Amino acid sequence: MKDNELDPRLAELLNELKSAPERNSRAALRGKNKFLAEAVSLSESRRHSGWKIIFHLKEKFAMNLIVSVLVIAGLLFGGGATVSAAQDALPTDALYPIKLLSEDAQLWLNGDPAAEIELLLQQAQTRTQEMAALEEKGVIPPQALTTRAQERIHQALEVAATLEETKVADTLLQIRDRLQTQDRLLSQLQDGTCAGCEPALDQTRDMLREQLRLVEDGLADPAGFIYRHRNQNGIPTPEPTEAPVTEEPTAVPTEEPAAAIEPTAAEVPAVTPQASCTPALDGTGLQNGNMGSSQQQNGNGEPPAEPGNNGAGNGQQNGGKP
Amino acid sequence: MLSEQELLTQAGQFDTRALAEIYDLYSPRLYRYAARLLGDDNAAEDCVAETFSRFLKALRSGKGPRDYLQAYLFRAAHNLIVDHYRRQPVTEELDDNLPESETVEETAALNLSQSRVREALFQLTSDQRQVVALKFLEGWDNEAIAQALNKPVGAIKSLQHRALAQLQKLLLDEA
């Protein structure tokens with residue numbers, strides 16, 4: 001039977017099925033947000049393995065850590081099941097404080113800086129995902145979520161500054177990637193469906209951009225980043241002279257970023273370490289962090305003649321089966 | 001706009017921009033496909049969500065599609081639709097989205113007819129049903145359907161022939 005042999009009565013019956021109900025735009029948006037939040041969540045485990053490679057974390061140590069966290073959290077909070085159940089809690093849920101406490105416990109038990117940074121970023125990202133979940137429910141995300149996320153990111157930067165200088169740039173790149181992902185997720189939420197949520201989302205995105213600026217500064221000048229953060233925390237910098245970090249720049253050795261960044265030493269006489277370590281902002285950090293939301297690609301949604309754009313290819317049709 | 005290959009590459013790295021673009025591009029088509037076969041907008045939305053969730057999990061495990069993304073997604077959606085139908089056979093439901101000018105009787109008659117066609121479709125084999133749905137509901141050509149079903153074009157024509165004969169028997173001859 002050829003295509004044109006379709007019985008007209010049968011064609012008419014099949015045509016009746018074409019009148020599909022119009023898609024609810026809000027439901028579609030919820031679906032998209034859920035999809036992106038799941039993507040962010042799944043990507044965490046992939047990144048985590050990357051961190052392990054970079055910092056040579058051993059599997060045994062990681063398992064010991066997990067076991068320790070579970071045992072102590074269980075003892076602290078009356079049972080592992082409760083802690084486990086709390087992990088999906090939102091700020092509107094009764095179990096949410098347990099979730100926060102278990103996060104704190106994870107950090108207390110962590111002795112490795114790289115793993116601590118990963119935990120801190122993961123917890124900051126969890127706050128963003130909670131915002132997405134609340135927004136989906138039409139609940140305005142509380143200010144505390146932004147504050148806690150900011151604290152975690154700040155802590156992550158502080159810990160990063162304690163790493164060896166050779167590892168700082170890689171770590172900052174990882175942090176930047178995570179912050180940009182969070183910013184993109186939030187940008188997807190700003191679609192006007194929850195008007196009351198917009199100020200909270202705006203504020204969080206502003207915070208993320210500010211943190212991204214700090215990260216960009218650090219990437220441009222890792223030594224300066226270390227210097228500034230250790231200075232702020234009163235941690236002596238690894239200078240041969242063991243000079244206090246508040247000393248004049250002349251006391252800073254050659255690894256001090258001012259000499260590396262500035263065109264000539266003569267152009268930057270007698271500036272404070274803080275100023276010399278901070279490259280002039282040209283907006284690149286903000287631009288990188290603000291990817292914006294993707295646009296609707298195909299509003300009419302009519303399928304093309306080919307499922308893919310590469311109909312000529314035939315060697316990898318079985319690339320993956322659902 | 002990125003090509004499908006670029007989208008897949010970036011999606012494999014969990015780039016949220018690429019993933020959002022994929023969702024925007026394919027979710028409306030998948031929704032319509034599911035809604036036509038299931039006749040229920042909520043079930044169709046669930047089907048879309050589960051299709052994309054499985055897509056993400058496949059990407060994470062390294063078993064995601066390397067090409068023919070649309071074919072992959074429709075195949076996944078179709079499997080879910082079949083599973084849904086097995087659990088809960090199609091039922092007649094009133095469609096709230098029909099134009100107001102239609103009378104209740106007309107709406108009921110249309111729903112009844114749609115339900116009858118769906119029931120007939122779900123008496124076909126899975127491959128036959130997918131061929132009919134993609135060809136006559138979604139407007140795909142045989143080559144595209146062949147990619148979605150991982151079968152040669154000749155097999156698609158054969159499936160279509162048998163499917164239409166069976167539908168004719170179920171819907172016209174027995175009427």
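Letters go in sequence order (proteins before strands), and every chain restarts at 1. Remember, predicted model here, so these are calculated numbers, not experimental data.
- In summary, Asp24(B) and Lys32(A) engage in a salt bridge, as defined by a charged side-chain N under 4.0 Å from a carboxylate O.
- Interface remark: of the candidates Ala35(B), Ser53(B), Ala133(B), Ala49(B), Ser53(B) forms the most heavy-atom pairs closer than 4.5 Å to chain A.
- Separation of atoms CG (Asp41(B)) and CD (Glu22(A)) is listed at 11.0 Å; rounding is to 0.5 Å.
- Closest approach of Leu10(A) and Leu164(B) over heavy atoms only: CD2-O, 3.8 Å.
- Counting all heavy atoms, side chain and backbone alike, Ala39(A) lies closest to Leu56(B) at N-CD1, 3.5 Å.
- Closest approach of Glu16(A) to Gln114(B), counting heavy atoms only: O-NE2, 2.7 Å.
- The line from CG of Asp7(A) to CG of Leu167(B) is 11.0 Å long, rounded to the nearest 0.5 Å.
- Heavy-atom distances place no part of Leu30(B) under 4.5 Å from chain A, backbone and side chain included.
- Shown here for Arg23(A) and Pro28(B), the closest heavy-atom pair between the two residues is NH1-N, 3.6 Å.
- Nearest heavy-atom pair across Leu13(A) and Ser113(B) is CD2-OG, 3.7 Å.
- The CG atom of Leu137(B) lies 8.5 Å from the CG atom of Asn15(A); values are rounded to the nearest 0.5 Å.
- Classification of Glu45(B) and Arg30(A) as a salt-bridged pair fails, no side-chain N sitting under 4.0 Å from a carboxylate O.
- Your options are Val48(B), Val117(B), Thr51(B), and the one with the most heavy-atom pairs under 4.5 Å with chain A is Val117(B).
- In this structure, the separation between CG on Leu36(A) and CZ on Phe14(B) is 11.5 Å, given to the nearest 0.5 Å.
- Between Leu6(A) and Phe136(B), some side-chain heavy-atom pair lies under the 4.5 Å cut-off.
- Between Phe35(A) and Phe55(B), the ring-plane angle classifies as parallel under the 30° and 60° cut-offs.
- To the nearest 0.5 Å, atom CZ of residue Arg17(B) and atom CZ of residue Arg184(A) are 5.0 Å apart.
- By the 4.5 Å heavy-atom criterion applied to side chains, Thr181(A) and Asp15(B) are not counted as neighbours.
- Applying side chain to side chain contact (heavy atoms under 4.5 Å, CB included) to Thr16(B) and the options Val40(A), Leu185(A), Asp183(A) leaves one that passes, Val40(A).
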